[in-house]
Novice: 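The structure follows.
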Number of protein chains: 2
Amino acid sequence: MSTTTRQDREPRSAERDAVRSAERALARVLEEKGLRRSRQRDVVVRTFFGMGGHVAVDALLEQVRRADPRVGVATVYRTMKLLAEHGLAVPRDFGDGRARYEPATHRHAHSHDHLICTGCGTIVEFESHRIEALQHRVARRHGFEVERRRVELYGRCARCRGVEGNEETAA
Amino acid sequence: MSTTTRQDREPRSAERDAVRSAERALARVLEEKGLRRSRQRDVVVRTFFGMGGHVAVDALLEQVRRADPRVGVATVYRTMKLLAEHGLAVPRDFGDGRARYEPATHRHAHSHDHLICTGCGTIVEFESHRIEALQHRVARRHGFEVERRRVELYGRCARCRGVEGNEETAA
DNA sequence: GTTAGTGCAAAGACTTTGCACACCG
DNA sequence: CGGTGTGCAAAGTCTTTGCACTAAC
């Protein structure tokens, strides 16, 4: 069937490539715009693309500070905004009141949806052309032309259902 | 096909009924819990169910104050939370950083999705069993059991596409 | 009269902004 | 050196909370 997936936190050497290509892309963007490179931007970019997927700003900051404790919050926000403006990162909002970004690497070029575990927070991506086509069809029937989709399915993953709610009390 | 719809702001006398049945439901809930009725709660409930659909708290407050200017923000938040806790309202988050609630009337008993116009903000609801079934299927394939869905399709409605972006400059 | 409910303003959580200094080019 | 980028802290948003007061029951 026409679905593909990708797990968060799954260690992949592809991330090294992502970091490298993102750095190159950023360098190009900065040059085009006459913007400057900086130690902080490099750290943020490297860290962000090294983390791979759905990074919340506070988590990113924490990680960035591990590499360079003197980086400020504002810089992280500003850099991520910059990345987003130039299509290198995609802002995501999962409704928990925290800004998240997702790397806009090749595997994210297509619009995709999210499965989010309400137990452990694991996020799984999937893509279904069938679903997407149906949604466009319904929208068109209502006179809408879809520009952007936001599809999140919340539920419990296999592992969390396995322990049958034990970790609730443990947490 | 298996989709149903409902437009926002469309004046319907059904809303009078919604208000009445919501008031009754609230009265029952309050009595069960040994909670008190109050002038403010009545106003908020009446206003909320009278507005019909996807009400942002600030808009609700404004409207409520038209009926009773002395109602405070906190009361509106508290009342809506109460309604949500007892299943009379459903919290919605469209990612604009404002709390929204939707009446949990009979027509909202089913899970449904939203079409949101990026031009004029119009929200249209739709329901598609086909799409929902497919989503459940995909989720199950990943070991997930879906508890809650969030599907929002952003785009431009027919009217906004008609004026071809003129109102952008006007706004 | 108890005690829940209210209004106000203060406190929170997160993000953005203003400003002086730092540093890239 | 000129101007962009940074850090800090202040300001902004939106929502929640603490507290004295009001008002249900």
Side-chain angles (χ1 to χ4, degrees), chain A residues 23 26-48 54-86 88-89 91-101, chain B residues 23 26-48 54-86 88-89 91-101:
Chain A
E23 282 186 330
L26 180 66
R28 196 183 338 113
V29 164
L30 293 180
E31 181 162 12
E32 276 171 8
K33 296 269 168 177
L35 301 173
R36 288 174 189 171
R37 206 161 175 180
S38 78
R39 174 176 51 84
Q40 292 90 329
R41 282 186 178 169
D42 281 357
V43 176
V44 172
V45 169
R46 232 189 324 268
T47 306
F48 171 64
H54 315 104
V55 184
V57 171
D58 55 353
L60 178 58
L61 178 67
E62 189 186 330
Q63 207 58 26
V64 163
R65 283 197 165 147
R66 214 161 285 179
D68 184 344
R70 310 166 22 124
V71 175
V73 206
T75 298
V76 173
Y77 277 106
R78 287 191 275 234
T79 304
M80 291 316 298
K81 191 175 218 171
L82 190 69
L83 290 182
E85 278 166 2
H86 294 287
L88 302 177
R92 288 280 174 197
D93 169 14
F94 289 160
D96 57 356
R98 296 139 93 236
R100 283 167 194 279
Y101 287 92
Chain B
E23 282 187 329
L26 180 66
R28 197 184 336 114
V29 164
L30 293 181
E31 181 162 12
E32 276 171 9
K33 295 267 169 181
L35 301 174
R36 291 174 187 170
R37 205 160 175 182
S38 78
R39 175 175 51 83
Q40 292 89 329
R41 281 186 178 167
D42 282 357
V43 175
V44 172
V45 169
R46 232 190 323 269
T47 307
F48 171 64
H54 315 104
V55 183
V57 172
D58 55 353
L60 178 57
L61 178 68
E62 190 186 328
Q63 208 58 29
V64 163
R65 284 198 165 145
R66 215 160 286 179
D68 183 345
R70 311 166 24 126
V71 175
V73 206
T75 297
V76 173
Y77 277 106
R78 288 191 275 232
T79 303
M80 292 317 297
K81 192 176 219 171
L82 191 69
L83 291 182
E85 278 165 3
H86 294 287
L88 302 177
R92 288 279 173 198
D93 171 13
F94 289 160
D96 57 355
R98 295 140 94 237
R100 283 168 195 279
Y101 287 91

Novice: Could you measure the distance from the CG atom of B:Leu26 to the NE2 atom of B:His86? Nearest 0.5 Å is fine.
Specialist: 8.5 Å
Novice: For a side-chain contact (heavy atoms from CB on, under 4.5 Å) with A:Thr47, tell me which candidate from A:Val44, A:Val43, A:Val45 qualifies.
Specialist: A:Val43
Novice: For B:Arg41, which residues count as a side chain to side chain contact (heavy atoms under 4.5 Å, CB included) partner, sequence neighbours excluded?
Specialist: B:Leu30, B:Leu35, B:Ser38, B:Thr79, B:Leu82
Novice: Is the shortest distance from a Lys or Arg side-chain nitrogen in A:Arg66 or A:Glu62 to a carboxylate oxygen in the other one below 4.0 Å?
Specialist: yes
Novice: Check the distance between D:dG5's C1' and A:Lys33's NZ and give it to me in whole angstrom.
Specialist: 17 Å
Novice: For B:Ala84, check side chain to side chain contact (heavy atoms under 4.5 Å, CB included) against everything at least two apart and list the hits.
Specialist: B:Pro91, B:Tyr101
Novice: Can we say B:Glu85 and B:Lys81 salt-bridge, meaning some charged N sits less than 4.0 Å from an Asp/Glu carboxylate O?
Specialist: no
Novice: Roughly how many Å is it from CG in A:Asp96 to P in C:dC14, rounded to a whole number?
Specialist: 9 Å
Novice: Quick one: what's the B/S/- string for nucleotides 15-24 of chain D, heavy-atom cutoff under 4.0 Å, read 5' to 3'?
Specialist: SBBB----BB
Novice: Could you tell me the separation between the CD atom of A:Glu31 and the P atom of D:dG5, rounded to a whole number of Å?
Specialist: 14 Å
Novice: Check this one for me: any side-chain N or O of A:Gln40 less than 4.0 Å away from OP1 or OP2 of D:dG7?
Specialist: yes
Novice: In whole Å, I'd like the distance from the CG atom of A:Leu30 to the C1' atom of C:dC23.
Specialist: 15 Å
Novice: Quickly work out the B:Leu35 CG to C:dT6 P distance and round it to whole Å.
Specialist: 10 Å
Novice: Return the value, rounded to whole Å, for the distance between atom CG of B:Leu82 and atom P of C:dT6.
Specialist: 9 Å
